[in-house]
Colleague: 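Have a look at the structure that comes next, please.
What you are looking at is a predicted structure, and each value in this text was computed from that prediction instead of being measured. Position 1 is the first residue of the sequence, and the numbers go up from there.
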Amino acid sequence: MTADNDKAPLRAVALVCTLSPSPAPSSSQLLAEQVLEELSGHGVTGRAIRIADHDVKPGVKTDMGEGDEWPAIRSAVLDADILILSTPIWLGHPSSLAQRVLERLDAELSESDDEGRMLTYGKVAAVCVVGNEDGAHKVSADLFQGLDDVGFSLAPNAVTYWVGEAMQGTDYQDLDKTPEKTEATTATLAANTAHLARLLRSAPYPSS
């Protein structure tokens, strides 16, 4: 790896899968923004896109036709080196919008570059999970598997999360300060994810 490649800026996009459109406050948005902030310390620029603000049609094609806003979001994902998928827990599962994102990413199985590699090869993904019920490990496992299936790589400790006491109403965004454990986990996610993204940029996967 050359020094220039090691220092070249990386780009990230966070897809926030809260069910609440802007400008409603969102714990999923907050945690995603904290990850982007940590990534900035590793030479990564990025932005968040709230899926609920866009008309993402159901389906498993890259473009579902008139009114579908997924193609523009897909372009942002393909232009980035890092994808952050941030979701609340609902009834023990990722949100329906997180599932929709995975369904739309399923179309990437049919897309490839000139060397037969999926267009998502060489891109790194990570996950944020928030909720006031148990299930962060189960939700991250579901998203990890889906992201791996559609071509993304995941670094060690590629999830940061916070879950409050079960059956209580406290949200992550309501906390007076970020819990130390979540803060440390977010920092580890950012460091490992940026490291892997830079390695894969320098040494791409072999042709298929």
Side-chain angles (χ1 to χ4, degrees), residues 8-24 26 28-29 31-33 35-36 39 44-90 93-129 139-155 158-159 193-194 196-197 200-201 204-208:
L10 296 169
R11 288 176 292 181
V13 62
L15 302 186
V16 178
C17 298
T18 174
L19 299 182
S20 303
S22 300
S26 163
S28 299
Q29 179 94 20
L31 187 52
E33 289 174 348
V35 169
L36 290 173
L39 283 169
V44 183
T45 62
R47 65 188 179 105
I49 299 173
R50 195 182 290 206
I51 298 298
D53 293 343
H54 301 273
D55 187 3
V56 175
K57 304 290 188 186
V60 289
K61 298 180 180 179
T62 58
D63 189 338
M64 295 303 298
E66 183 177 357
D68 185 21
E69 295 185 44
W70 176 254
I73 297 172
R74 176 177 181 260
S75 292
V77 171
L78 294 180
D79 286 343
D81 303 286
I82 296 168
L83 170 64
I84 307 298
L85 194 54
S86 186
T87 182
I89 302 171
W90 285 114
H93 297 276
S95 75
S96 58
L97 291 181
Q99 182 63 35
R100 178 158 298 183
V101 166
L102 289 180
E103 289 164 354
R104 296 307 301 268
L105 287 171
D106 184 77
E108 303 307 323
L109 293 171
S110 302
E111 304 292 323
S112 61
D113 64 15
D114 293 339
E115 297 189 42
R117 297 171 297 203
M118 291 171 60
L119 302 181
T120 47
Y121 274 22
K123 300 185 184 300
V124 181
V127 169
C128 305
V129 183
V139 166
S140 60
D142 288 349
L143 297 183
F144 280 4
Q145 181 62 52
L147 289 164
D148 178 79
D149 279 351
V150 297
F152 291 90
S153 298
L154 294 105
V159 61
T193 297
L196 180 57
L200 289 177
R201 172 188 281 184
Y205 287 115
S207 57
S208 299

Colleague: Once you round to the nearest 0.5 Å, how far does CZ of Phe152 lie from CG of Leu200?
Modeller: 12.0 Å
Colleague: Heavy-atom distance under 4.5 Å between the side chains of Trp90 and Leu97, does that happen here?
Modeller: no
Colleague: For residues Leu147 and Val127, determine if any side-chain heavy atom of one lies less than 4.5 Å from a side-chain heavy atom of the other.
Modeller: yes
Colleague: Is there a donor-acceptor contact under 3.5 Å from the side chain of Arg100 to the main chain of Val56?
Modeller: yes
Colleague: For a 4.5 angstrom cut-off between non-hydrogen side-chain atoms, does Ile84 reach Val16?
Modeller: no
Colleague: What is the distance from atom CD of Glu115 to atom OH of Tyr205, rounded to the nearest 0.5 Å?
Modeller: 15.0 Å
Colleague: Answer yes or no: is there a donor N or O on one side and an acceptor on the other, between the side chain of Asp53 and the main chain of Pro21, under 3.5 Å?
Modeller: no
Colleague: Flag the pair Tyr121 / Asp113 as yes when at least one side-chain heavy-atom distance between them is below 4.5 Å, and no otherwise.
Modeller: no
Colleague: Going by heavy atoms in the side chains, are Leu78 and Lys123 under 4.5 Å from each other?
Modeller: yes
Colleague: Output, in order, the C-alpha distance, side-chain angles, deciding distance and verdict of side-chain contact (heavy atoms from CB on, under 4.5 Å) for Leu83 and Val13.
Modeller: CA-CA 5 Å; Leu83 170 64; Val13 62; 4.1 Å; yes
Colleague: What is the distance from atom CG of Leu39 to atom OG1 of Thr45, rounded to the nearest 0.5 Å?
Modeller: 10.0 Å
Colleague: If you round to the nearest 0.5 Å, how far is CG of Asp63 from CH2 of Trp70?
Modeller: 12.0 Å
Colleague: Output all residues satisfying ring-ring contact (aromatic ring centres under 6.0 Å, His included) with Phe144, sequence neighbours left out; order by chain, then residue number.
Modeller: none
Colleague: Calculate, to the nearest 0.5 Å, the distance between atoms CD1 and OG1 belonging to Ile51 and Thr87 respectively.
Modeller: 11.0 Å
Colleague: Got Leu119 and Arg74 here, is their nearest side-chain heavy-atom distance under 4.5 Å?
Modeller: yes
Colleague: Return yes if some donor-acceptor pair links the side-chain N/O of Arg50 with the main-chain N/O of Gln29 below 3.5 Å, else return no.
Modeller: no
Colleague: Which residues satisfy the side-chain hydrogen bond (donor to acceptor under 3.5 Å, both in side chains) test with Asp55, sequence neighbours excluded?
Modeller: Lys57
Colleague: Quick one: closest heavy-atom pair of Cys128 and Val35, and the distance?
Modeller: SG-CG2, 3.6 Å
Colleague: Could you tell me which non-hydrogen atom of Val150 sits nearest to which non-hydrogen atom of Met118, and how far apart they are?
Modeller: O-CE, 2.9 Å
Colleague: How long is the span from the CD1 atom in Ile49 to the CD atom in Glu69, to the nearest 0.5 Å?
Modeller: 10.5 Å
Colleague: Run Leu109 and Val60 through side-chain contact (heavy atoms from CB on, under 4.5 Å) and show every step you take.
Modeller: CA-CA 10 Å; Leu109 293 171; Val60 289; over 6 Å; no
Colleague: Considering all heavy atoms of both residues, which atom of Ser95 and which atom of Cys17 are nearest to each other, and what is their separation?
Modeller: OG-O, 2.7 Å
